[in-house]
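In the text below, chain A, chain B and the rest are named by the order of the sequence lines, each starting its count at 1. Values below: every heavy atom of this structure, side chains too, minus hydrogens, waters and symmetry copies.
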There are 2 protein chains.
Amino acid sequence: MKFDDKIPIYYQIKNYIYRQIITGKLVPGEKIPAVRQLAVDLTVNVNTVQRALGELISEGILESRRGLGNFVTEDQAIIDQMKHRLIIQQLHEMYMNLHNLNVTDDEIVQYLRQYIEDRRKHQDEQYS
Amino acid sequence: MKFDDKIPIYYQIKNYIYRQIITGKLVPGEKIPAVRQLAVDLTVNVNTVQRALGELISEGILESRRGLGNFVTEDQAIIDQMKHRLIIQQLHEMYMNLHNLNVTDDEIVQYLRQYIEDRRKHQDEQYS
DNA sequence: TATTGTGTATTAGTAAGATATAACACTAGG
DNA sequence: CCTAGTGTTATATCTTACTAATACACAATA
């Protein structure tokens, strides 16, 4: 996995697990890969994985059962909250950053539409 | 100034200067505050400021005149490019993060509209 | 009960960012 | 020429994130 060297790896792993759960690649109650396996898959150290998982456990996203593994919470409400929180967080960060550049609300929406449109065009080009 | 401890300070200072220029708080040709003054204002070390300014100079945003100070480029084209780059960068980051959570293009626009609307409401509450 | 697979914890070492401090190089103005 | 204000560079030290290696704790099962 490729990491952004401007952000701590353990933090990026947290978000990776979030993604796996939200997109259904990991379902409620499911056992996630063993810490040593994750370390290999992500080509990082076990301690780094553990640090990420530790925070997820604190947040109630994961449950740890010593000797058995780490499991996704069965509480769907927690997962739903997490998804909503992540979405708002993303929007907020982007919004504030553009707002601080004196970009107005309408312009932000406009720029986003333009971005999405441009993105579609570039995708189309791959098939033409 | 408050910094996000997940991102290098020198990097956040770079973006701070970008903002100052884009929002016109620093205009083309203008002398920016002395490095030692910036260090005091931002409550960081001179070397940290210098690292940020060094990169801005490399990018052509600033021009350094030894013994005189650092000056904003007079080349408006560079500034315009910088602004455009920053906006796209922000949108791209947000877009990819939500896209990776299986949020569709339309949903992203929808969520953004909702976010802006909620934000307006909360502002109104302050004056009611 | 011995082994294997799992989570957890500890210790030591490395690298990057940030700090404190100091020195050096250049410019303008008295 | 000297001083004050500026950018630039260097050294040592500290902290945090990350790594490496090892050991310990618990559960399932042959």
Side-chain angles (χ1 to χ4, degrees), chain A residues 1-18 20-21 25-74, chain B residues 1-18 20-21 25-74:
Chain A
M1 184 168 165
K2 46 181 172 13
F3 294 105
D4 181 342
D5 65 6
K6 295 280 189 304
I7 304 171
I9 294 176
Y10 81 90
Y11 195 77
Q12 297 180 62
I13 293 176
K14 265 186 73 174
N15 283 297
Y16 169 74
I17 305 288
Y18 282 145
Q20 298 288 302
I21 295 175
K25 293 189 184 70
L26 290 173
V27 301
E30 184 177 358
K31 176 179 177 298
I32 75 171
V35 288
R36 290 173 182 80
Q37 188 57 48
L38 275 175
V40 171
D41 294 348
L42 304 173
T43 59
V44 298
N45 189 271
V46 175
N47 296 316
T48 307
V49 172
Q50 192 64 27
R51 176 159 183 186
L53 298 190
E55 296 200 0
L56 292 168
I57 291 165
S58 299
E59 295 172 14
I61 308 294
L62 296 182
E63 284 179 24
S64 169
R65 298 184 214 155
R66 199 186 186 97
L68 293 179
N70 292 301
F71 299 80
V72 179
T73 179
E74 308 237 20
Chain B
M1 183 169 165
K2 48 180 172 13
F3 293 105
D4 181 342
D5 65 6
K6 297 278 190 305
I7 303 171
I9 293 176
Y10 81 91
Y11 194 78
Q12 296 180 62
I13 293 176
K14 265 185 74 173
N15 283 296
Y16 169 74
I17 306 287
Y18 282 145
Q20 298 288 302
I21 296 175
K25 294 188 183 70
L26 291 172
V27 301
E30 182 177 358
K31 177 179 176 298
I32 75 171
V35 289
R36 290 174 184 79
Q37 187 57 47
L38 275 176
V40 171
D41 295 347
L42 304 174
T43 60
V44 297
N45 190 270
V46 176
N47 294 317
T48 306
V49 172
Q50 192 64 23
R51 175 156 183 188
L53 298 190
E55 296 200 1
L56 291 167
I57 291 164
S58 298
E59 294 170 16
I61 309 293
L62 297 181
E63 284 179 25
S64 167
R65 298 184 214 156
R66 199 186 187 99
L68 293 179
N70 291 302
F71 299 80
V72 179
T73 179
E74 308 238 19

query: Taking the side chain from A:Gln50 and the backbone from A:Val35, do they hold a donor-acceptor pair closer than 3.5 Å?
result: no
A:Arg66 CZ to C:dA9 P, in whole Å, measures 7 Å
* With a 4.5 Å heavy-atom cut-off, do A:Val72 and A:Val27 have their side chains touching? -> no
(request) Check if the side chain of A:Arg36 and the base of C:dG7 share a donor-acceptor pair of N or O atoms closer than 3.5 Å. (result) yes
When rounded to whole Å, the CG to P distance for the pair A:Leu56 and C:dG7 reads 13 Å
Ranking A:Pro33 and B:Gly67 by the position along DNA chain C of their nearest nucleotide, the one closer to 5' is A:Pro33
Looking only at C:dT21, C:dG7, D:dC18, the nucleotide nearest the B:Asn45 side chain is C:dT21
Side-chain atoms of A:Pro8 come closest, of D:dT19, D:dT8, D:dA17, to D:dA17
Looking for any heavy atom pair under 4.0 Å, which part of the strands does B:Asn70 touch: base, sugar-phosphate only, or nothing?
sugar-phosphate
A:Leu38 CG to D:dT19 P, in whole Å, measures 14 Å
Rounded to whole Å, CD of A:Gln12 lies from C1' of D:dA17 at a distance of 12 Å
Of A:Ile9 and A:Leu68, the one whose nearest nucleotide on DNA chain D sits closer to the 5' end is A:Ile9
Taken to the nearest whole Å, CG/A:Asp5 to C1'/D:dC18 is 13 Å
**CA sep, side-chain torsions, deciding dist, call: B:Ile32, B:Leu53, side chain to side chain contact (heavy atoms under 4.5 Å, CB included)** = CA-CA 10 Å; B:Ile32 75 171; B:Leu53 298 190; 4.0 Å; yes
Here the distance between atom P of C:dG7 and atom CG of A:Leu53, to the nearest Å, is 8 Å
The nucleotide from D:dA25, D:dT8, C:dG17 with an atom nearest the side chain of B:Tyr10 is C:dG17
Rounded to whole Å, CD of A:Gln50 lies from C1' of D:dA25 at a distance of 13 Å
Considering only heavy side-chain atoms of A:Ile57, the closest of C:dA9, D:dG7, C:dT8 is C:dT8
inquiry  = Within the 4.5 Å heavy-atom criterion, are A:Thr48 and A:Leu42 side-chain neighbours or not?
reply    = no
Among the nucleotides D:dC18, D:dT9, C:dT8, whichever has the atom closest to the side chain of B:Asn47 is D:dT9
Discussion item. Less than 4.0 angstrom between a side-chain N/O of A:Arg51 and OP1 or OP2 of D:dA17, yes or no?
Written reply: yes
Rounded to whole Å, the NZ-P distance (B:Lys6 to D:dA17) equals 8 Å
Item to complete: Mind running side chain to side chain contact (heavy atoms under 4.5 Å, CB included) on A:Ile61 and A:Ile17 for me, showing each step along the way?
Response: CA-CA 10 Å; A:Ile61 308 294; A:Ile17 305 288; 5.6 Å; no
**Asked** Within less than 4.0 Å of OP1 or OP2 of C:dG17, is there a side-chain N or O belonging to B:Thr48?
**Response** no
